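Index from 1, following the sequence. Atoms considered below: every heavy atom in the structure, side chains included; atoms not considered: hydrogens, waters and symmetry mates. Note that the structure is a prediction, hence the values are computed from the model and not measured.
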Amino acid sequence: MVTLHVHRLLEKILLGSEVCPYSEPVDRLPVDHSDPEYGLKGYTLHFVLHNTHTQKLSGHFPRLCCYTGHIQRGMMELRAISSYNLSQHRCVNGRINMFWSSDGLHGSVENCCVMSLTLLDEFQKPFWCISSPVCVIMAKKPVSYSYSGEHFLLDYKDAEGQVRMKLVRPKQQECLFLISLAVFLPVSKINRHFSTAY
């Protein structure tokens, strides 16, 4: 599965050639030394869980921020959905599964889907883009005491950042609820992008 914005395929095809391949221009952001939290606020998250046929969950989360005191172990946390704020919790559309087919055979892989995520900085420029298969696993202990039922985790991690989700299927309900969504970014990436020193 290919996502055009992640791999910048359109730019590479239209603006590049065999002789002169396309290379992304490096725009230096304006440095603002007057703001003590420059580079830690104003993020916008576009988030979709989907399979090959349907969109399971989507969200748009503007104005995400982190304070310097909340940076831990070299990672900055941007929390889009808090497990403590019940009004933010969202229902996942249907079962999480990934359909497949090959030469007349077909089926589905349970508890797997594709996560597409685009994080924009405060200037609305792409800061981190991913589209990757992910798996939902049963949690060893409850992820929230506000819900009784089955508890699940969905984690994604690469060199550019990490996404952590907590999900719950309450007793006597078929719907799966997303009760926590957090994005973690290395401070070194923030410092490189914004010319800061956190």
Original post:
How long is the gap from CG on L40 to SG on C66, to the nearest 0.5 Å?
Top reply: 6.0 Å
**OP:** Consider only side-chain N and O atoms of H151 and S144, and report whether a donor and an acceptor are under 3.5 Å apart.
**Re:** no
**OP:** Please go through F184's hydrophobic cluster and name the other residues, only I, L, V, M, F, W, Y counting, with side-chain heavy atoms under 4.5 Å joining them.
**Re:** M75
**OP:** Using atom types as modelled and distance alone, determine if a side-chain donor or acceptor of H89 lies under 3.5 Å from a backbone N or O of I81.
**Re:** no
**OP:** Any pair with a residue in residues 95-106 that passes side-chain hydrogen bond (donor to acceptor under 3.5 Å, both in side chains), sequence neighbours left out, goes on the list, sorted by first then second residue, please.
**Re:** N51-N97
**OP:** Answer whether the closest heavy-atom distance between the side chains of V114 and S131 falls below 4.5 Å.
**Re:** yes
**OP:** Measure the spacing between CG of D121 and CH2 of W128 and express it to the nearest 0.5 Å.
**Re:** 15.0 Å
Original post:
Donor-acceptor pair, E122 side chain versus Y43 backbone, under 3.5 Å?
Top reply: no
Original post:
If you look only at pairs with a residue in residues 130-141, which of them pass as a salt bridge (charged side-chain N to carboxylate O under 4.0 Å, His left out), with sequence neighbours excluded?
Top reply: none
Subject >> Flag side-chain contact, heavy atom, 4.5 Å: C113 against V134 >> reply: yes
Subject >> Gap separating the CG atom of L119 from the CG atom of L78, nearest 0.5 angstrom >> reply: 6.0 Å
Original post:
Taking S108 for the side chain and E110 for the main chain, is one N or O donor matched with an acceptor at less than 3.5 Å?
Top reply: no
Subject >> Distance, nearest 0.5 Å, that separates NZ of K56 from CG of L49 >> reply: 10.0 Å
Original post:
Is there a side-chain contact between L45 and H60, using heavy atoms and a 4.5 Å cut-off?
Top reply: no
Original post:
NZ of K171 to OG of S148: how many Å apart, nearest 0.5 Å?
Top reply: 5.0 Å
Original post:
Taking only residues two or more places apart in sequence, or in another chain, which ones meet E77 in a side-chain hydrogen bond (donor to acceptor under 3.5 Å, both in side chains)?
Top reply: R79
Subject >> Pairs where residues 150-198 contributes a residue and the test disulfide (SG to SG under 2.5 Å) is met, not counting sequence neighbours >> reply: C91-C175
Original post:
Side chains of M115 and M165: closer than 4.5 Å at any heavy-atom pair?
Top reply: yes
Original post:
If you measure from CD on Q88 to OG on S83, what distance do you get to the nearest 0.5 Å?
Top reply: 9.5 Å
Original post:
Counting only N and O atoms by type, is there a donor-acceptor contact under 3.5 Å from the side chain of R90 to the main-chain atoms of S58?
Top reply: yes
Original post:
How far apart are the C-alpha atoms of Q124 and T44, what are their side-chain angles, what is the distance that settles it, and do they pass the side-chain contact (heavy atoms from CB on, under 4.5 Å) test?
Top reply: CA-CA 7 Å; Q124 298 303 296; T44 301; 3.3 Å; yes
Original post:
Using a side-chain heavy atom cutoff under 4.5 Å and only I, L, V, M, F, W and Y, what cluster partners does F177 have?
Top reply: L86, I137, V143, Y147, L153, V168, I179
Original post:
Under 4.5 Å between any side-chain heavy atoms of L181 and F61, yes or no?
Top reply: yes
Subject >> Evaluation steps, side-chain contact (heavy atoms from CB on, under 4.5 Å), between F127 and L120 >> reply: CA-CA 5 Å; F127 187 73; L120 306 174; over 6 Å; no
Subject >> Side chains of V48 and L57 in contact at under 4.5 Å (non-hydrogen atoms) >> reply: no
